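First the structure, in the form of structure tokens, and then the observations on it.
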Amino acid sequence: MLTIDNLTYRIGGRTLIEDGNLSITDGWKVGIIGVNGAGKSTLFKLISGDLQADGGTVSLSQRQRMGWVRQDVPETDAPLIDLVLAAHEEMAQLWKDSETEQDLDKIADIFQRLSDLDAYSAPAKAATLLMGLGFKEHQLQEPFSSFSGGWQMRVMLAAALFVEPELLLLDEPTNHLDLEAIMWLEAYLVSYPHTLLVISHDRQLLNKCVDHIVHVDKQKLTLYTGDYDTFERERAMRLGLQQKMHDKQQAERAHMQKFVDRFKAKASKARQAQSRMKALEKMDIVDAVIADRAVKFSFPDPDKIPSPMI
């Protein structure tokens, strides 16, 4: 479905993603997490093509449609339900063509395709989506421009869901929703029939709706299998293992330094002391590289690791 190879993106002299790699299989529901500024929304823009990478590739099957909620809200007085229906561009064009086409064979083809797209039940589907996101039935024919920004974003979300693309990107979809609408959206995403990538700070949504987690951290993309709670447990185990390895290395360093301090002046032990001094120098080089990459070994207790989400 989606393959990312050695993806690199820089902005203003800062590297957000460096040599990122990721492979998403058809049908996965993936939560994208990380602290603010880590590059989550930038990753979406690179996948959608809104941004161009400095290196690497993003590959998506040409047979797959991609959809997302755009932030550039249109200025229109169109009724809410019409705006949602128009989001499916192929369906909207077919209806338009059906009004002007004169060739009987082409007309037959148009209506066959509309049938394949289940176009006759489209208004009911659009209404269900809008009402699930909090609109009342009588509001569906009201002009889009009469609603506030938060409610307009609900319409844009309904439009993205209506198209039902094979790859759906959602960036903080619960931001403008109340509790009832959030619960409806969770149930909808659980049964979404295609691949879903969702950026969210909502732990409950991630536990209910996703089966994989991508952690955007320190310019890398790390894939975990399972929901958010599973990710936290696995991450804690990894950090705990790194801490143990660091502690072991420090103990070895102290032991070698003690040997060097004791025997470097003795001719009989000079070669062994010199060998250990070189090993210590290599350790210093490794530590310097790690420090340069901002990887810290002073990890907290794995059971008390804070969430990477804001």
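This one's a predicted model, so the numbers in the text were calculated from it and none came from an experiment.
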### Query
For the side-chain contact (heavy atoms from CB on, under 4.5 Å) test, which of Val214, Leu43, Leu46, Asn21 pairs with Ile4?
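Result for side-chain contact (heavy atoms from CB on, under 4.5 Å) with Ile4: Leu43.
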
### Message
Let's go through Leu117 and His88 carefully: what are the C-alpha distance in whole Å and the side-chain angles of both, what is the deciding distance for side-chain contact (heavy atoms from CB on, under 4.5 Å) to 0.1 Å, and is it a yes or a no?
### Response
CA-CA 10 Å; Leu117 293 174; His88 198 303; 4.2 Å; yes

For the backbone of [Y] and the side chain of [X], can you confirm whether one donor and one acceptor N or O come within less than 3.5 Å of each other?
X      : Y      : value
Thr57  : Ser59  : no
Arg65  : Glu166 : no
Thr128 : Ala124 : yes
Thr15  : Ile17  : no
Thr195 : Gly27  : yes
Lys40  : Gly34  : yes
Glu234 : Phe231 : no

### Message
Could you go through Leu167 and Gln64, starting from their C-alpha distance and side-chain angles, then the distance that decides it, and tell me whether this counts as side-chain contact (heavy atoms from CB on, under 4.5 Å)?
### Response
CA-CA 7 Å; Leu167 176 60; Gln64 310 291 350; 5.6 Å; no

From [X] atom [atom1] to [Y] atom [atom2], the distance as rounded to the nearest 0.5 Å:
X      : Y      : atom1 : atom2 : answer
Glu186 : Ser191 : CD    : OG    : 12.0 Å
Leu104 : Asp109 : CG    : CG    : 11.0 Å
Leu85  : Met91  : CG    : CE    : 8.0 Å
Asp19  : Gln219 : CG    : CD    : 9.5 Å
Met66  : Leu197 : CE    : CG    : 10.5 Å
Ile110 : Ser98  : CD1   : OG    : 6.0 Å

What heavy-atom pair brings [X] and [Y] nearest, and what distance separates the two atoms?
X      : Y      : value
Pro173 : Leu157 : O-CD2, 3.9 Å
Leu161 : Leu185 : CD1-CD1, 4.1 Å
Pro165 : Ala160 : CD-O, 3.6 Å
Leu189 : Cys209 : CB-SG, 4.0 Å
Leu169 : Phe44  : CB-CE2, 3.7 Å
Pro74  : Leu83  : CG-CD2, 4.5 Å

### Over 12 non-hydrogen atoms of neighbours within 6.0 angstrom of CE in Met183
no

#### Entry: Enclosure of Glu180 CD (heavy-atom neighbours >12, cutoff 6.0 Å)
no

When you group the ILVMFWY residues by side-chain heavy-atom contacts below 4.5 Å and let the links chain together, are [Y] and [X] in the same group?
X      : Y      : result
Phe135 : Leu179 : no
Ile32  : Val190 : no
Leu22  : Val30  : yes
Leu129 : Leu140 : yes
Met156 : Val163 : no

### Message
Test side-chain contact (heavy atoms from CB on, under 4.5 Å) on Val58 and Asp5; report intermediate values, then the result.
### Response
CA-CA 7 Å; Val58 176; Asp5 288 320; over 6 Å; no

### Query
Looking at residues at least two apart in the chain, or sitting in another chain, which of them share a side-chain hydrogen bond (donor to acceptor under 3.5 Å, both in side chains) with Gln93?
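Partners of Gln93 under the side-chain hydrogen bond (donor to acceptor under 3.5 Å, both in side chains) test: Asp97.
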
### Message
I'd like to check the side-chain hydrogen bond (donor to acceptor under 3.5 Å, both in side chains) partners of Gln112; sequence neighbours left out, ordered by chain and number.
### Response
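Result, side-chain hydrogen bond (donor to acceptor under 3.5 Å, both in side chains) vs Gln112: Asp116.
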
### Query
So, Asp54 and Thr8: side-chain donor and acceptor under 3.5 Å apart, yes or no?
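Asp54 vs Thr8: no donor-acceptor pair found between side chains.
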
pair [X]-[Y]: side-chain heavy atoms closer than 4.5 Å:
X      : Y      : answer
Val84  : Val155 : yes
Trp28  : Thr225 : no
Gln141 : Leu80  : no
Thr42  : Val216 : no
Met1   : Thr25  : no
Leu2   : Ile47  : yes
Thr230 : Ile213 : no
Phe144 : Glu75  : no

### Task
Look at the rings of Trp184 and Tyr188 and say which category their plane angle falls in: under 30° parallel, 30 to 60° tilted, over 60° perpendicular.
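Parallel.
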
Salt-bridged, [X] to [Y], with N to O below 4.0 Å?
X      : Y      : value
Lys218 : Glu18  : no
Lys96  : Glu89  : no
Asp229 : Arg203 : yes

#### Entry: Lys29 to Tyr192 six-membered ring, cation-pi geometry met (6.0 Å, 45°)
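No, Lys29 does not sit over the ring of Tyr192.
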
### Query
Between His212 and Tyr224, does the ring centre distance come in under 6.0 Å?
no

### Message
Applying side-chain hydrogen bond (donor to acceptor under 3.5 Å, both in side chains) to Ser41 and Asp171, what does each step give before you reach the verdict?
### Response
CA-CA 7 Å; Ser41 295; Asp171 190 345; 2.7 Å; yes

### Task
Could you go through the salt bridge (Lys or Arg N to Asp or Glu O under 4.0 Å) check for Lys125 and Glu164 one step at a time?
CA-CA 11 Å; Lys125 177 182 176 181; Glu164 206 171 273; 3.5 Å; yes

### Query
Checking side-chain contact (heavy atoms from CB on, under 4.5 Å) for the pair Arg10/Leu16: CA distance, chi angles, key distance, verdict?
CA-CA 6 Å; Arg10 305 180 185 90; Leu16 282 181; over 6 Å; no

